[in-house]
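Computation of the quantities below employed the complete heavy-atom set of this structure, encompassing side-chain atoms and omitting hydrogens, waters and symmetry-equivalent molecules.
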Amino acid sequence: GSFKMGAMSGRGTPQEKPVHEVKIGYSFAVGKYEVTQAEWEAVMGKNPSEFKGAKRPVEKVSWNDAKSFVKKLSAQTGKEYRLLSESEWEYMARAGSTTKYPWGDEIDSSKAKYKIKGSDRGTVPVGSYSANAFGVHDTAGNVAEWVEDCWHETYNDAPIDGSAWLSAGGGDCEMRVLRGGSWSNGPKYLRSANRHGRNAAARGNNFGFRIARTLSR
């Protein structure tokens with residue numbers, strides 16, 4: 001499918017521009033939920049998360065940790081799992097929408113886990129909120145999700161075929177991209193277009209990930 005990637009409203013940050021069309025000409029599968037602590041333990045053993053719960057998303061994992069997980073999972077299952085590219089992530093999160101969030105332009109506590117004055121600190125079990133039009137949960141809030149790409153300050157010269165942007169030219173591959181916002185972020189960080197970069201070795205109690213697998217090209 002094709003979609004427009006970036007700040008569709010025109011009011012986003014420079015990091016979300018220029019808006020550009022991406023065409024994904026292959027099939028891929030995406031985790032319905034963020035990787036849970038139970039899933040992490042089954043593959044990796046020790047659970048690093050601060051907010052414990054088998055069905056809560058694993059957190060306090062770095063990009064490097066997430067890459068270790070998919071490598072080990074692939075070896076155990078004989079299937080090639082991976083992180084999503086940034087453009088795959090936004091295509092998945094938008095699910096055909098062009099609004100701020102997958103469900104529209106307004107947000108409240110019934111839609112996602114995010115920072116609200118007086119709200120509980122930490123994550124909630126995956127699937128606590130409604131799925132988007134593709135049947136995927138928690139693309140906004142709960143934990144921010146690592147994707148494959150190196151960090152670039154803008155979308156100038158970004159790939160338009162769904163592939164991960166791995167060129168260090170004009171970017172920084174010691175930093176990787178997080179998408180979707182988290183329980184500790186305000187609403188503007190949960191927008192489908194929002195993106196930010198962190199060091200690939202950084203671990204936060206609001207950093208997690210989901211996995212993908214290419215089905216056909």
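Under a 4.0 Å N-O distance rule, the pair Glu90/Arg179 qualifies as a salt bridge. Salt bridge annotation for Lys100-Glu106: absent, with no cationic side-chain nitrogen under 4.0 angstrom from a carboxylate oxygen. Using a cutoff of 4.0 Å between basic side-chain nitrogens and carboxylate oxygens, Arg121 and Glu50 are scored as salt-bridged.
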*asked:* Quick one, Arg82 with Glu148, criterion side chain to side chain contact (heavy atoms under 4.5 Å, CB included). Give me CA distance, side-chain angles, the key distance, then yes/no.
replied: CA-CA 8 Å; Arg82 59 177 177 81; Glu148 183 71 24; 5.7 Å; no

| task | Apply salt bridge (Lys or Arg N to Asp or Glu O under 4.0 Å) to Glu34 and Arg56, showing your working. | result | CA-CA 9 Å; Glu34 295 159 333; Arg56 290 187 179 198; over 6 Å; no

Run the numbers on Phe69 and Val58 for side chain to side chain contact (heavy atoms under 4.5 Å, CB included), then give the verdict. CA-CA 11 Å; Phe69 176 91; Val58 68; over 6 Å; no

Side chain to side chain contact (heavy atoms under 4.5 Å, CB included), that's the test. Do Gln15 and Glu153 meet it? Break it down for me. CA-CA 5 Å; Gln15 296 170 349; Glu153 292 288 344; 3.7 Å; yes

- request: Test side chain to side chain donor-acceptor pair (under 3.5 Å) on Ser49 and Asn47 and set out the steps.
  value: CA-CA 6 Å; Ser49 305; Asn47 179 6; 2.9 Å; yes

- Task: Please assess Asp65 against Trp40 for the test side chain to side chain contact (heavy atoms under 4.5 Å, CB included), listing each intermediate value before the final yes or no.
- Result: CA-CA 10 Å; Asp65 296 332; Trp40 179 273; 3.9 Å; yes

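Looking only at distances, no side-chain donor or acceptor of Ser27 sits under 3.5 Å from a matching main-chain atom of Ser216. Using modelled atom types, no side-chain atom of Trp165 and backbone atom of Glu86 make a donor-acceptor pair closer than 3.5 Å. A donor-acceptor contact shorter than 3.5 Å is absent between the side chain of Thr123 and the backbone of Asn142. Judged by distance alone, the side chain of Arg176 and the main-chain N or O of Val147 form no donor-acceptor pair under 3.5 Å. With hydrogens and angles ignored, the 3.5 Å screen pairs no side-chain donor or acceptor of Asp172 with any backbone N or O of Trp151. Checked by atom type and distance alone, the side chain of Arg217 never pairs as donor or acceptor with a backbone atom of Gly25 at under 3.5 Å. No side-chain donor-acceptor contact under 3.5 Å links Lys4 to the backbone of Val19. Between the Ser74 side chain and the Tyr81 main chain, a donor and an acceptor come within less than 3.5 Å of each other. His152 places a side-chain N or O within 3.5 Å of a backbone atom of Cys150 that can act as its donor or acceptor partner. Put simply, the side chain of Asn132 gets close to the backbone of Ala93: a donor and an acceptor are under 3.5 Å apart.
Of all the heavy atoms in Pro57 and Gln37, the pair that sits closest is O-NE2, 3.3 Å. Nearest heavy-atom pair across Trp146 and Arg198 is CH2-CB, 3.7 Å. Between Tyr114 and Ser119 the shortest heavy-atom distance is O-OG, 3.9 Å. Between Ser87 and Val22 the shortest heavy-atom distance is CB-CG1, 4.1 Å. For Gly31 against Arg210, the heavy-atom pair with the smallest separation is O-NH1, 3.0 Å. Counting all heavy atoms, side chain and backbone alike, Ala112 lies closest to Leu190 at CB-CD2, 3.9 Å.
Other residues, nucleotides and ligands contribute over 12 non-hydrogen atoms within 6.0 Å of the NZ atom of Lys52. For Lys55, the NZ atom is loosely surrounded, since the number of other residues' heavy atoms within 6.0 Å does not exceed 12. Other residues, nucleotides and ligands contribute more than 12 heavy atoms inside 6.0 Å of the CD atom of Gln76. For Asp157, the CG atom is loosely surrounded, since the number of other residues' heavy atoms within 6.0 Å does not exceed 12. When the shell of 6.0 Å around CD1 of Ile24 is examined, it contains more than 12 heavy atoms from other residues, nucleotides or ligands. Around OH of Tyr129, the count of heavy atoms belonging to other residues, nucleotides or ligands within 6.0 Å exceeds 12.
For the residue pair Asn185 and Ser182, a side-chain donor N or O sits within less than 3.5 Å of a side-chain acceptor on the partner. A donor and an acceptor atom, one from each side chain of Ser110 and Asp108, are located under 3.5 Å apart.
Cluster annotation: Leu166 is not connected to Trp63 through the hydrophobic network of ILVMFWY side chains, with a link wherever side-chain heavy atoms come within less than 4.5 Å. Put simply, Leu83 and Val143 are part of two different groups of oily side chains (I, L, V, M, F, W, Y) that touch within less than 4.5 Å, one to the next. A continuous path of Ile, Leu, Val, Met, Phe, Trp and Tyr side chains, each step under 4.5 Å between heavy atoms, connects Met5 with Phe28, placing both in one hydrophobic cluster.
The CZ atom of Phe207 sits 12.5 Å away from atom CD of Glu145, with the distance rounded to the nearest 0.5 Å. Between the NZ atom of Lys17 and the OG1 atom of Thr154 there is a distance of 11.5 Å, given to the nearest 0.5 Å. Thr139 OG1 to Met92 CE: the interatomic distance, rounded to the nearest 0.5 Å, is 6.0 Å. To the nearest 0.5 Å, the span separating NZ on Lys115 from CH2 on Trp183 amounts to 8.5 Å. Of the inter-residue distances, the one linking Leu73 atom CG with Glu39 atom CD reads 9.0 Å to the nearest 0.5 angstrom. A distance of 11.0 Å separates CE in Met8 from CG in Asp105, rounded to the nearest 0.5 Å.
Looking only at side-chain heavy atoms (C-beta outward), Trp89 and Arg195 stay at 4.5 Å or farther from each other.
In this structure, Tyr91 and Phe3 have tilted ring planes: the angle between them lies in the 30° to 60° band. Using the six-membered ring where Trp is involved, Tyr101 and Trp103 have ring planes that are parallel, under 30° apart on the 30 and 60° scheme.
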